[in-house]
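Each chain gets a letter, A, B and so on, in the order the sequences are listed, and its residues count up from 1.
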Protein chains: 2
Amino acid sequence: MPRSQPRPEELPGALPPVPSEHPSPSARSTKESLLDAAERLFAARGFEGTSLRAVTQAAGQSVSAAHYHFGGKRGLLRATLERRLRPVVEGRLRMLDALEARGTAPRVEEVLEAFLRPTFGGGAEAAGARARFVAARLFSDPPELVGPLIRELFGEVHRRFLDALEAALPPGTARREIELGFRMVVGATVQLLGAQPPREGTEPWPAVPEELVPRLVRFTAAGLRALAAAEQAR
Amino acid sequence: MPRSQPRPEELPGALPPVPSEHPSPSARSTKESLLDAAERLFAARGFEGTSLRAVTQAAGQSVSAAHYHFGGKRGLLRATLERRLRPVVEGRLRMLDALEARGTAPRVEEVLEAFLRPTFGGGAEAAGARARFVAARLFSDPPELVGPLIRELFGEVHRRFLDALEAALPPGTARREIELGFRMVVGATVQLLGAQPPREGTEPWPAVPEELVPRLVRFTAAGLRALAAAEQAR
DNA sequence: GTCTATATGTTGATAGAC
DNA sequence: GTCTATCAACATATAGAC
């Protein structure tokens, strides 16, 4: 049996092949195809309403491939959510950083835009599917699975934006009032993302970021200011 | 053991106790216990995530009782939704009627209050469970089942409130702008109903109508006015 | 890494006695 | 109206060949 040869190619650190992931091109495309199919089906029929079989079949993969890569159905949902939510969170933090690195204090509208713009990001076409999916999942089953992920992903962001809003609103506005206003901001945003089933007789709004974001900013900024003003008037 | 009124005398308008059906006292309590259990479980784990067995077991009834009374799982969901949504719709229409029967033109705040107040109705304690359930289901699976019901129940109401808002806002405000604003109103409302899984590190807001409704009215009225003003400035 | 085959449990729905 | 018993279908997960 030939002894092992300390070739330069085998020097430690020369080729640390898989630090975290992309094990092989084929495996990568397997994972990705599963994520794509899962995103589509989970969005359309919900987590519980979608069988793992349906996902793997739509992806042209086997059931056990999903188990190998994601550890099961729940892991697949988690990975699917994470893939879309992470960029939104990073975009929000980046825009808020830029705003705070600037000299002057940010206005309410600027803080809100930093929060809202990445939500509709990714281009007009892709934004539709992604946003619809993510928003739908946030409001759907199973809370014990999605809840911790939401907290993990959004916990810091929400705290920082609450701080920024507190700084931008008139001094003395109660924190609790700002928190309630922020929840309304989130609610209005989710609604415009088009997550819900069609509710009115009116035609659906196109999810064009250029159209929606300014109106969301306008609406919610006025709402937050009204909350702050009413509280100070007491 | 108090029996239900054996008096067949029907005074029109006096107090119609059971409008359409009451096959027998025991059947009624069977139906009701199934509805209660279904409401609780569907709200907690979703429609697809809840087995019919779990519902009937929690209700102390048999699986076939559910089939007999509601025709199956989907019929049970429909009946459960309808039981809670109908009073909200009726309350909204009643308040709007009263507003329009008055001489003077309603203000934006008054229209919004007519829309929002019944949403949180039914008392501080019961409101929590009902609202949470209804809002959760509106945003959850299966759209092809819930969608038509939503349209059937809310179609007319939404159209009438859009008209009322159009009349209350500055003349010339585009209908489309009002529709978008109205969707944000709905979104903010649903969010405050507490339907979603906990999303922030902050403690949950108590769903006390007396606290939430005025703030919702304040926030959304200012938002709608800001939308209208920005559009007229163009 | 990916597959087939299978273990093990649950689902929604129904038939028929009472 | 309500029950028990049972159905066929499908669920997730795993074992082991390649």
Side-chain angles (χ1 to χ4, degrees), chain A residues 17-38 41-42 44-81 140-142 144-146, chain B residues 1 3-4 18 20-42 44-81 137 140-142 144-146:
Chain A
V18 238
S20 57
E21 49 186 277
H22 64 269
S24 87
S26 92
R28 184 177 143 63
S29 92
T30 297
K31 286 181 77 163
E32 203 125 305
S33 70
L34 282 169
L35 285 176
D36 291 340
L41 290 173
F42 286 161
R45 309 208 283 252
F47 177 74
E48 309 275 8
T50 305
S51 72
L52 184 56
R53 287 180 125 77
V55 173
T56 57
Q57 202 164 327
Q61 303 294 335
S62 72
V63 181
S64 28
H67 271 91
Y68 177 82
H69 287 290
F70 302 102
K73 195 189 181 188
R74 298 165 77 93
L76 185 55
L77 173 63
R78 192 191 164 89
T80 307
L81 282 171
S140 194
D141 39 29
E144 76 283 358
L145 172 60
V146 172
Chain B
M1 177 164 153
R3 60 171 58 186
S4 51
V18 186
S20 58
E21 47 190 271
H22 51 205
S24 87
S26 92
R28 182 177 145 65
S29 92
T30 297
K31 284 182 79 163
E32 203 126 304
S33 70
L34 282 169
L35 285 175
D36 291 340
E39 173 171 303
R40 194 160 42 81
L41 289 173
F42 286 160
R45 309 208 283 255
F47 177 74
E48 309 275 7
T50 305
S51 73
L52 185 55
R53 289 180 124 77
V55 173
T56 57
Q57 202 165 327
Q61 303 293 336
S62 73
V63 182
S64 29
H67 271 90
Y68 178 81
H69 286 290
F70 302 102
K73 195 188 180 190
R74 299 165 76 93
L76 185 55
L77 173 62
R78 191 191 164 89
T80 308
L81 281 171
R137 279 313 94 197
S140 194
D141 39 30
E144 77 282 357
L145 171 60
V146 173

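- For the pair Lys73(B) NZ and dA9(D) P, the interatomic distance rounds to 19 Å; values are reported in whole Å.
- Counting only heavy atoms from C-beta outward, the side chains of Val63(A) and Val55(A) never approach each other to under 4.5 Å.
- Comparing dT2(D), dA13(D), dA13(C) against the side chain of Thr30(B) picks out dT2(D) as the nearest.
- Residue Tyr68(B) has no polar side-chain atom (N or O) positioned under 4.0 Å from OP1 or OP2 of dT2(D).
- The side chain of Ser51(B) contributes an N or O atom lying less than 4.0 Å from OP1 or OP2 of dT11(C).
- Atom-to-atom, NE2 of His67(A) to C1' of dA7(C) comes out at 13 Å; the value is rounded to the nearest Å.
- Residue Thr50(B) is classed as a sugar-phosphate contact, given heavy-atom separations below 4.0 Å to backbone atoms only.
- Residues Leu81(B) and Glu39(B) fail the side-chain proximity criterion, which asks for heavy atoms closer than 4.5 Å.
- Atom-to-atom distance recorded for Tyr68(A):OH and Gln61(A):CD is 13.5 Å, nearest 0.5 angstrom.
- Scanning atom types as modelled, one donor and one acceptor separated by under 3.5 angstrom connect the side chain of Ser64(A) and the base of dT4(C).
- Between the CG atom of Leu52(B) and the P atom of dT10(C) there is a distance of 15 Å, given to the nearest Å.
- Which of dT12(D), dC3(C), dG12(C) sits closest to the side chain of Gln61(A) comes down to dC3(C).
- A straight line from CZ of Phe70(A) to P of dT14(D) spans 17 Å, rounded to a whole angstrom.
- Residue Arg74(B) contributes atom CZ, which lies 15 Å from atom C1' of dT11(C) at whole-angstrom precision.
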Exercise. Report the C-alpha distance between Arg74(B) and Phe47(B) in whole Å, list the side-chain angles of each, state the deciding distance to 0.1 Å, and finish with yes or no for side-chain contact (heavy atoms from CB on, under 4.5 Å).
Key: CA-CA 9 Å; Arg74(B) 299 165 76 93; Phe47(B) 177 74; 4.0 Å; yes
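- OP1 or OP2 of dT2(D) sits under 4.0 Å from a side-chain N or O of His69(B).
- Under 3.5 Å, the side chain of Ser62(B) and the base of dC3(D) form no donor-acceptor pair of N or O atoms.
- dA11(D) atom C1' lies 12 Å from atom CZ of Phe47(A), rounded to whole Å.
- Along DNA chain D, the nucleotide closest to Gly71(A) and the one closest to Val63(B) are compared, and the more 5′ of them pairs with Val63(B).
- Here the P atom of nucleotide dT10(C) and the CD atom of Glu48(B) are 18 Å apart, to the nearest Å.
- What separates CD of Gln57(B) from C1' of dT4(D) is a distance of 15 Å, to the nearest Å.
- Closest to the side chain of Arg53(B), out of dA11(D), dT11(C), dC3(D), is dT11(C).
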Practice problem: Go through Arg78(A) and Phe70(A) one step at a time and tell me if the side-chain contact (heavy atoms from CB on, under 4.5 Å) criterion holds. | Solution: CA-CA 9 Å; Arg78(A) 192 191 164 89; Phe70(A) 302 102; over 6 Å; no
